[in-house]
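Okay, so here's the structure we're looking at.
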Amino acid sequence: KWQVSGLLIDATQPEAAGADAKPKDEAAQKAEIDAIKTGFDTVIAGGQAIAGPKAADGSNPGNKKLTEVPETERAAWLAQHFHDVAAEKSRHELTKDIGGKFSEPRSAADLENAPFNKEIATAVVAAAAGTVAGPFKTDAGYWLVFVNAKIPAKVVSLAAATRELA
């Protein structure tokens with residue numbers, strides 16, 4: 001299973017655009033998601049400093065370029081940045097207030113279903129943890145997906161499974 005976060009850009013305008021704002025057409029949606037993806041690519045290449053995740057004691061590590069962060073910590077920094085951007089820009093009602101995080105790990109089959117699709121499922125399965133995949137066009141709009149973690153299958157002996165089922 002995979003723990004993922006998503007960022008959706010759809011036809012709706014942010015509240016700041018006002019009640020009279022017209023829906024975004026597909027070209028505007030695509031341009032917006034491409035600009036967001038370019039921003040992530042810049043961060044990944046070390047071209048922009050980002051805020052890091054809070055330490056266990058609640059302290060803030062400040063802003064750093066990803067290339068200045070120890071390699072073992074980069075995925076956590078990129079995850080924090082993805083969640084910050086998703087909280088600000090995503091239009092997905094169920095996850096935008098929690099930084100795009102989907103609460104439950106999803107199987108490959110789950111990833112093929114709404115709000116995602118088969119193309120997203122295939123990309124997530126192939127992606128390494130700590131990476132941004134997309135953009136992907138769906139019926140809802142355009143998605144970027146962050147692969148937070150790959151959760152290995154649980155190996156259960158036949159004896160334990162038999163006890164569990166009894």
Side-chain angles (χ1 to χ4, degrees), residues 1-15 23-48 50-54 66 69 71-158 160-161 164-165:
K1 291 190 174 191
W2 292 263
Q3 184 67 54
V4 297
S5 298
L7 188 158
L8 171 68
I9 297 300
D10 65 7
T12 60
Q13 293 282 1
E15 289 81 27
K24 288 182 261 176
D25 63 18
E26 189 167 330
Q29 294 173 52
K30 179 78 168 106
E32 186 174 354
I33 202 76
D34 285 345
I36 293 168
K37 177 66 163 81
T38 298
F40 282 116
D41 292 343
T42 300
V43 165
I44 291 165
Q48 177 185 340
I50 59 173
K54 288 193 180 354
L66 208 54
V69 174
E71 195 168 329
T72 57
E73 298 175 23
R74 289 180 186 169
W77 279 67
L78 186 57
Q80 182 63 53
H81 181 63
F82 188 94
H83 298 144
D84 292 345
V85 173
E88 177 187 343
K89 298 183 181 285
S90 183
R91 305 301 297 159
H92 188 246
E93 290 294 326
L94 298 175
T95 63
K96 70 179 182 178
D97 292 336
I98 53 173
K101 296 176 189 175
F102 285 84
S103 59
E104 296 294 322
R106 294 173 174 250
S107 68
D110 292 338
L111 289 165
E112 289 184 13
N113 298 318
F116 300 133
N117 62 24
K118 187 172 181 129
E119 180 185 15
I120 293 173
T122 300
V124 167
V125 168
T131 59
V132 178
F136 304 101
K137 174 78 173 105
T138 69
D139 291 340
Y142 287 90
W143 282 96
L144 289 177
V145 178
F146 183 78
V147 181
N148 293 297
K150 289 187 176 187
I151 301 166
K154 183 176 159 183
V155 178
V156 179
S157 70
L158 180 58
E164 198 172 305
L165 291 173

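- Note: His81 NE2 to Ile44 CD1 = 8.5 Å, rounded to the nearest 0.5 Å.
- Side chains of Val4 and Phe116 form a contact here, defined as non-hydrogen atoms less than 4.5 Å apart.
- Pro135 places none of its side-chain heavy atoms less than 4.5 Å from the side chain of Trp143.
- For the pairing with Tyr142, the side-chain hydrogen bond (donor to acceptor under 3.5 Å, both in side chains) check across Gln29, Glu26, Lys37, Arg91 returns one residue only, Glu26.
- Here Lys101 pairs with nothing under the side-chain hydrogen bond (donor to acceptor under 3.5 Å, both in side chains) rule; sequence neighbours left out.
- Taking all atoms of both residues into account, the shortest heavy-atom contact from Gln48 to Gly39 is OE1-O, 4.4 Å.
- Listed by chain and residue number, nothing satisfies the side-chain hydrogen bond (donor to acceptor under 3.5 Å, both in side chains) test with Thr42 (two or more places apart in sequence, or in another chain).
- Every residue was checked against the ring-ring contact (aromatic ring centres under 6.0 Å, His included) condition with Phe136, not counting sequence neighbours, and none meets it.
- Residues Asn117 and Thr138 have side chains that never bring a donor and an acceptor to within less than 3.5 angstrom of each other.
- Here Asp110 pairs with Ser107 under the side-chain hydrogen bond (donor to acceptor under 3.5 Å, both in side chains) rule; sequence neighbours left out.
- Closest approach of Ala129 to Lys150, counting heavy atoms only: CB-N, 4.2 Å.
- A heavy-atom distance below 4.5 Å is found between the side chains of Leu78 and Phe146.
- The environment of CG in Asp25 is crowded: more than 12 heavy-atom neighbours from other residues, nucleotides or ligands sit within 6.0 Å.
- Taking all atoms of both residues into account, the shortest heavy-atom contact from Gly99 to Ser5 is O-CB, 4.3 Å.
- Judged as a side-chain contact (heavy atoms from CB on, under 4.5 Å), and not counting sequence neighbours, Glu88 has no contacts.
- Leu144 has its side chain within reach of Phe82: a pair of non-hydrogen atoms, C-beta onward, lies under 4.5 Å apart.
- Shown here are the side-chain hydrogen bond (donor to acceptor under 3.5 Å, both in side chains) partners of Thr95, two or more places apart in sequence or in another chain: His92.
- Minimum heavy-atom separation, Gly130 to Ala75: CA-CB, 3.9 Å.
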